[in-house]
Novice: 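The structure's right below; bear with me while I get my questions together.
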Number of protein chains: 2
Amino acid sequence: MKLTSKGRYAVMALVDLARFDSINPVSLRDISLRQGISLDYLEQIFSKLKKNEIVKSIRGTQGGYVLNKNPNDIKLTNIFHAVDEKVKTVQCKRESKRGCNGKATKCITHNLWDELETHINTFFENKSLDDLLKNKKETRV
Amino acid sequence: MKLTSKGRYAVMALVDLARFDSINPVSLRDISLRQGISLDYLEQIFSKLKKNEIVKSIRGTQGGYVLNKNPNDIKLTNIFHAVDEKVKTVQCKRESKRGCNGKATKCITHNLWDELETHINTFFENKSLDDLLKNKKETRV
DNA sequence: ACATACCTGACTAAAATGGTCAAGTTTAGA
DNA sequence: TCTAAACTTGACCATTTTAGTCAGGTATGT
């Protein structure tokens, strides 16, 4: 299962974006500075977010990115999917129509991973960018 | 977040073990053959399972491993913990008492990962080896 | 025209993964 | 008592993934 910094950065950047894009397009440079994420890396991430129609880009001076949907309609599952964070649990090697590991049967734990995957996906499907915004205060420690 | 083959192998091996250890100690060689997991790798895994008192070893000829607890008392969370599958989501770099990323604040998404972690752990805490055994038939495809 | 900001693809150091290999020790059973 | 089966330990390693960097673009508002 993968769930790494790339996904975290994507979420952080989008929350940041959502907080400011109603005024102006937000440049990656600003997000980079505010969130402490490398600009070059952000560009990779936003390229994917754009392909998946989560954000729109506006080129040129004063340009930047804007959300392409209502924050309430952007679920975490969409974000992770966009940046290739596959919320997939361990795969059985060479799983095929025939079964796991080339055998004609499913392996003992096969159903378990299916269940887990559903469990995690449900969490992400029920969580929108809007939910995070409501909780957006950077709480003091 | 890590959730890899090592965890899957550990679970597969323990289910296998649970099915046969009431008769005799089960050798890793048998598990290796039945489950298609490298013997050397199994040894690494069982070394950790033993340290965490999930299995007992019996040395010598006809030796092998035996469960050290009732299958109902072995939760998946115990297994993953034993083999260092940390069910931890992405960490904020250098998180400290002071906050995330060296700042005095928690990062925007901090609570999210905490919630997710709890969500996944709940799943694993409620799932025991016994639950898997009940479902143990290698269902035909 | 030119600075700002997006866009693209190649490249890479470091870490994690999924093992292998070698050299033991222990003990049941012949 | 000898020996083979089985556990034990630790070093090692190839491959893949991660988390970026770097170097060049292209588009556009002012």
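So that the names make sense, note that chain A is the first sequence line, chain B the second, and so on, each numbered from 1.
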Novice: Expressed as a whole number of angstroms, how long is the span from A/Phe80:CZ to D/dT18:P?
Specialist: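 Rounded to the whole Å, the gap is 14 Å.
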Novice: Given 3.5 Å as the limit, does a donor-acceptor pair link the side chain of B/Asn126 with the main chain of B/Phe123, or not?
Specialist: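 Looks like no, no N/O pair under 3.5 Å.
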Novice: Base, sugar-phosphate, or nothing for B/Val55, non-hydrogen atoms under 4.0 angstrom?
Specialist: nothing
Novice: Could you list all N or O pairs between the protein and nucleotides 28-30 of chain D that sit under 3.5 Å apart?
Specialist:
unit_1: D/dG29; atom_1: N3; unit_2: A/Thr61; atom_2: OG1; d: 3.4

Novice: Once you round it to whole Å, what is the distance between P of D/dT18 and CZ of A/Arg8?
Specialist: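 The answer, rounded to whole Å, is 15 Å.
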Novice: For residues 39-52 of chain A, which residue pairs qualify under side chain to side chain donor-acceptor pair (under 3.5 Å), counting only residues two or more places apart or in two chains?
Specialist: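 Qualifying pairs, neighbours excluded: A/Lys48-A/Asp84, A/Lys50-A/Ser57.
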Novice: Write down the distance between NZ (A/Lys48) and P (D/dG20), rounded to a whole number of angstrom.
Specialist: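 Taking NZ of A/Lys48 and P of D/dG20, I get 14 Å after rounding.
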Novice: It should be established whether A/Ser27 places a side-chain nitrogen or oxygen under 4.0 Å from OP1 or OP2 of nucleotide C/dT4.
Specialist: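 Negative; the distance criterion is not met.
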Novice: Would you say that A/Val11 contacts A/Phe80 through its side chain, given a criterion of any heavy-atom pair below 4.5 Å between the two side chains?
Specialist: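 Contact flag for A/Val11/A/Phe80 side chains = yes.
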Novice: Look at the side-chain N and O atoms of B/Ser5 and state whether any lies under 4.0 Å from the OP1 or OP2 oxygen of C/dG18.
Specialist: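 B/Ser5 to C/dG18 OP1/OP2: side-chain N or O found under 4.0 Å.
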Novice: Any side-chain N or O of B/Lys56 under 4.0 Å from OP1/OP2 of D/dC7?
Specialist: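 Indeed not, no polar side-chain atom of B/Lys56 lies that close.
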Novice: Under 3.5 Å, side chain of B/Ser32 to main-chain N/O of B/Leu28, donor-acceptor pair present?
Specialist: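 Side chain of B/Ser32 to backbone of B/Leu28: no pair is present.
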Novice: Without swapping roles, check the side chain of A/His119 against the backbone of A/Asp114 for a donor-acceptor pair under 3.5 Å.
Specialist: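 Pair absent, no side-chain N/O of A/His119 close to backbone of A/Asp114.
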Novice: Between C/dG19 and B/Tyr9, is there an OP1 or OP2 to side-chain N/O distance shorter than 4.0 Å?
Specialist: yes
Novice: Of all heavy-atom pairs between B/Phe46 and B/Ala13, which one has the smallest distance, and what is that distance?
Specialist: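 Where B/Phe46 meets B/Ala13 most closely, the heavy atoms are CE1-CB, 3.6 Å.
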Novice: Calculate the interatomic distance between A/Leu39 atom CG and C/dA5 atom P; express it in whole Å.
Specialist: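 Distance check: A/Leu39 CG to C/dA5 P gives 10 Å.
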Novice: Can I get a per-line list of side-chain donor-acceptor pairs under 3.5 Å for residues 60-79 of chain B, giving both atom names and the distance, sequence neighbours left out?
Specialist:
unit_1: B/Asn68; atom_1: ND2; unit_2: B/Glu53; atom_2: O; d: 3.1
unit_1: B/Asn70; atom_1: OD1; unit_2: B/Asn72; atom_2: N; d: 2.9
unit_1: B/Lys75; atom_1: NZ; unit_2: B/Asn72; atom_2: O; d: 3.2
unit_1: B/Asn78; atom_1: OD1; unit_2: B/Lys75; atom_2: N; d: 2.9

Novice: Taking side chain as C-beta onward, heavy atoms only, is A/Val55 less than 4.5 Å from A/Leu14?
Specialist: yes
Novice: Find the distance A/Asn24:CG to C/dA5:P and express it as a whole number of Å.
Specialist: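 In whole Å, C/dA5 P lies 11 Å from A/Asn24 CG.
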Novice: Tell me the closest heavy-atom pair linking A/Ile54 and A/Ala82, and the distance in Å.
Specialist: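 In this case the closest contact between A/Ile54 and A/Ala82 is CD1-CB, 3.8 Å.
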Novice: Taking B/Ser27 for its side chain and B/Asp30 for its backbone only, find out whether a donor-acceptor pair lies under 3.5 Å.
Specialist: yes
Novice: Report yes if at least one side-chain N or O of B/Ser57 is closer than 4.0 Å to OP1 or OP2 of D/dA6; otherwise report no.
Specialist: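 Answer no for this pair, as no side-chain N or O of B/Ser57 is under 4.0 Å from OP1 or OP2.
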Novice: Would you kindly give the CE-to-P distance between B/Met12 and C/dG18, to the nearest whole Å?
Specialist: 13 Å
Novice: In this structure, how many angstroms lie between the P atom of D/dT21 and the CG atom of A/Leu42, rounded?
Specialist: 10 Å
Novice: Residues two or more places apart in sequence or in another chain: which of them pass salt bridge (Lys or Arg N to Asp or Glu O under 4.0 Å) with A/Asp21?
Specialist: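 Testing A/Asp21 for salt bridge (Lys or Arg N to Asp or Glu O under 4.0 Å), a comparison that skips the adjacent residues, returns none.
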Novice: To the closest 0.5 Å, what do you measure between CD1 (B/Ile45) and CD1 (B/Ile37)?
Specialist: 6.5 Å
Novice: Tell me the interatomic distance from A/Ile45, atom CD1, to D/dT21, atom P, rounded to whole angstroms.
Specialist: 11 Å
Novice: Please report the end-to-end axis angle for the helix from C/dA1-D/dT30 to C/dA30-D/dT1, five pairs per end, rounded to 10 degrees.
Specialist: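 Answer rounded to 10°: the end axes differ by 10°.
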Novice: Any idea which of D/dG20, D/dT8, C/dG18 is nearest the A/Tyr41 side chain?
Specialist: D/dG20
Novice: Give me the distances for all protein-to-nucleotides 8-15 of chain C N/O pairs that come in under 3.5 Å?
Specialist:
none

Novice: Which part of the nucleic acid, if any, lies within contact of A/Phe46, taking any heavy atom under 4.0 Å across all strands shown: a base, the sugar-phosphate backbone alone, or nothing?
Specialist: nothing
